Amino acid sequence: MGQKQQLTADPISEPKKRRRVGFSNIDVGIEANQCILIYLVSSKEEVGASHSFHISPVDLNSFFDEDGKIYGYNGLKITIWVSSVSFHAFADIKFQSTSDGGKGITDLKSSLQRIFADTLVDNKDDFLQTFSTESHFVRSIISDGEILQHKTSNGHVDSNSHLGTATSDVEVVRMVIGNTAAGHLYSRLVPLALLLIDGSNPIDVDDPGWELYVLIQKKSDEHGDPQHKLLGFTAVYRFYHYPDSTRLRLSQILVLPPYQHKGYGGHLVEVLSNVAILEDVYDLTVEEPLDYFQHVRTTVDIKRLLLFAPIQDAVNSTVSYLKQGKLSKKTHVPCFNPPVSAVEDVRKTLKINRKQFLQCWEVLIYLGLDPVDKYMEDFVAIISSRVKADVLGKDSGSSGKKVVEVPSDYNPEMSFVMFRSQDSEAARVWMDENQTNQEEQLQQLVDERVKEIKLIAQKVHHV
């Protein structure tokens, strides 16, 4: 019988071997805003130069997947140059390595094309050539457009308007978007609109209701050849208004970053306002204006309203009543809205809609108070009264935005209907149910509105 093999070691004394399990690094991604730089350049010499104009997009993250992050890259850096001559773009993508950390590897080209579409050029040399091959792109594309002279409300040509020499060498060209050339130009401008206008979406270039107003600066180069530089644009839709009129709605407006804060945005608004007057449209409205644009718009309208005689009696009457004082001591302070006849006169003649005129009305009252510091307490009281009526509804909640509980078999605790009564315009802010917090929020709205009025008044005085 064979001998049983003897164990070489005591199984009890030998330690057990543990299996090692390795975990790869989890890819947390990188936000697009942190690894992408965008420059606006006007010549091939500016591409890669330290003095190139850097633009700050509203939000790049929204173009990259659901969470706004880029995955699968180490040491990623993307530099994008956008030509202000032809509006083509080129992206220089650099990274150390790629690896799938669990969420795949982001397709950078397709992600960038969500922004730049056909304007994105693959080859850098081809991009550099566009500065010469398409040097007259803007001039050729607007050649069939209608050049608009800036006119004052009395019909006289005023090339500079309220903007001094800033607009002496510029003109506004109107183009119908349904036209092939206008649609082609707008398609080149879409990436800048997406990057720089908060919440913007491309308009339908096949809809002839759209009009493009392009702000152009004309200069001559060193050889004396005329050069056309695009400074900005606005897209406007022309609606039918029953029974025999139209109304204009400004949907997008953009002054390119290098030319902002120079009065060009106000110039575009002035030109468009005069178009509304000369063509006798019903009114001019703005689609969801951002705070800064609303400031510019109101400043332009205030200048026009100060020269509009039919409302002066209404303004003076309100100012005189306010100067009597002690309004802030009263339990109920009136809102001092303008008379209906004044609202209609402004709409018919200046094409300023009711909602915008009410914004301007408070500034007109403020400008009429002299010295303003003496009457500031009462002025703030009427602003507070108006804000409270807009947010909470008149007479402690009889109008404005309301939430009413309704019975439901599905979930009684979550059943409600929200509505806004027809006799209230604003009511745009949800207020905390806590009384103390509600008062603080109301006061904050009042303070912000008073600050805005002061800034507009100061700007008007300096013109």
Side-chain angles (χ1 to χ4, degrees), residues 39-47 52-53 55 81-90 116-121 126-151 157 159-161 163 165-193 196 202-203 205 208 210-236 252-260 262-265 267-268 270-272 274-275:
Y39 297 91
L40 190 66
V41 291
S42 59
S43 68
K44 63 180 180 180
E45 289 76 20
E46 294 181 8
V47 177
S52 299
F53 192 93
I55 62 177
W81 292 285
V82 180
S83 168
S84 61
V85 175
S86 66
F87 301 98
H88 284 103
F90 172 72
F116 297 99
D118 294 338
T119 67
L120 191 64
V121 179
D126 293 341
F127 173 70
L128 295 176
Q129 287 181 6
T130 62
F131 289 99
S132 56
T133 58
E134 300 209 27
S135 59
H136 298 298
F137 169 72
V138 173
R139 186 177 72 178
S140 62
I141 211 80
I142 66 170
S143 59
D144 293 334
E146 176 188 2
I147 299 176
L148 301 176
Q149 293 286 346
H150 188 92
K151 298 178 183 292
V157 174
S159 61
N160 296 333
S161 182
L163 305 174
T165 59
T167 60
S168 60
D169 59 347
V170 305
E171 62 188 19
V172 177
V173 179
R174 175 166 60 182
M175 308 176 72
V176 177
I177 287 291
N179 176 281
T180 303
H184 184 48
L185 174 59
Y186 180 77
S187 296
R188 296 267 185 105
L189 296 173
V190 165
L192 289 174
L196 299 172
I203 65 176
V205 295
W210 286 104
E211 298 174 358
L212 193 66
Y213 293 74
V214 187
L215 186 65
I216 302 295
Q217 184 178 51
K218 298 172 65 176
K219 287 187 176 182
S220 298
D221 61 17
E222 62 272 14
H223 304 294
D225 295 329
Q227 299 294 320
H228 291 64
K229 182 185 296 183
L230 190 148
L231 306 181
F233 72 94
T234 179
V236 178
Q252 293 178 354
I253 183 169
L254 174 66
V255 175
L256 301 189
Y259 317 115
Q260 292 177 1
K262 300 180 185 296
Y264 293 125
H267 183 58
L268 270 173
E270 287 184 331
V271 171
L272 190 58
N274 280 281
V275 167

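Computed from a prediction, not measured in an experiment: that's the story for all the values here.
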Exercise. With a 4.5 Å heavy-atom cut-off, do L185 and F137 have their side chains touching?
Worked result: yes
Exercise. About how many Å separate OG1 of T119 and CG of L189, when rounded to the nearest 0.5 Å?
Worked result: 10.0 Å
For this session: Begin with the C-alpha distance, continue with both residues' side-chain angles, and end with the deciding distance and a verdict on side chain to side chain contact (heavy atoms under 4.5 Å, CB included) for I141 and H184.
Result: CA-CA 8 Å; I141 211 80; H184 184 48; 3.7 Å; yes
Exercise. Looking at L254, V172, L231, which hits side chain to side chain contact (heavy atoms under 4.5 Å, CB included) with L268?
Worked result: V172
Exercise. Step by step, would you call F116 with V82 a side chain to side chain contact (heavy atoms under 4.5 Å, CB included)?
Worked result: CA-CA 10 Å; F116 297 99; V82 180; 3.9 Å; yes
Exercise. Should H267 and L215 count as side-chain neighbours, where that means a heavy-atom distance under 4.5 Å?
Worked result: yes
Problem set entry | Shortest non-hydrogen contact between Y264 and Q217, atoms and distance | OH-NE2, 4.0 Å
Exercise. Got a sec, which residues hit side-chain hydrogen bond (donor to acceptor under 3.5 Å, both in side chains) with S42, two or more places apart in sequence or on another chain?
Worked result: E46
Problem set entry | Heavy-atom side-chain proximity of F127 to V47 below 4.5 angstrom | yes
For this session: For A235 and I203, work out which heavy atoms get closest and say how close.
Result: CB-CD1, 4.0 Å
Seminar exercise, completed: Heavy-atom nearest pair, S83 first then L40, reads C-CD1, 4.5 Å
Exercise. Relative to each other, are the rings of W81 and F90 parallel, tilted or perpendicular (30° and 60° limits)?
Worked result: parallel
For this session: Kindly determine whether T234 and Q252 satisfy side chain to side chain contact (heavy atoms under 4.5 Å, CB included), including the steps that lead there.
Result: CA-CA 5 Å; T234 179; Q252 293 178 354; 5.9 Å; no
Problem set entry | L148 side, atom CG; N274 side, atom CG - distance, nearest 0.5 Å | 10.0 Å
Seminar exercise, completed: Correct closest heavy-atom pair for V176 and A182 would be O-CB, 3.1 Å
Exercise. Below 4.5 Å, heavy atoms only, C-beta onward: do I142 and I216 meet side chain to side chain?
Worked result: yes
Problem set entry | Euclidean distance, L212 CG relative to R174 CZ, rounded to 0.5 Å | 11.5 Å
Exercise. Distance-only, no hydrogens or angles: does the S52 side chain make a donor-acceptor pair with backbone N or O of V41 under 3.5 Å?
Worked result: no
For this session: Check the side chains of E146 and Y213 for a donor-acceptor pair under 3.5 angstrom, ignoring hydrogens and angles.
Result: no
Seminar exercise, completed: Minimal heavy-atom distance between F233 and A193, with the atoms involved, is CZ-CB, 4.3 Å
Problem set entry | Distance, nearest 0.5 Å, that separates CD of E211 from CG of L272 | 8.5 Å
For this session: Kindly give the heavy-atom pair with the smallest separation between S187 and P191, and that separation in Å.
Result: O-CD, 3.7 Å
Problem set entry | Pairwise salt bridge (charged side-chain N to carboxylate O under 4.0 Å, His left out) hits with a residue in residues 126-142, at least two apart | E134-R188
Exercise. In Å, rounded to the nearest 0.5 Å, how long is the span from OG1 of T133 to NE2 of H88?
Worked result: 8.0 Å
Exercise. What distance do K229 atom NZ and K219 atom NZ have between them, rounded to the nearest 0.5 Å?
Worked result: 5.5 Å
For this session: Check the pair L192 / L256 against side chain to side chain contact (heavy atoms under 4.5 Å, CB included), numbers first and verdict last.
Result: CA-CA 8 Å; L192 289 174; L256 301 189; 3.8 Å; yes
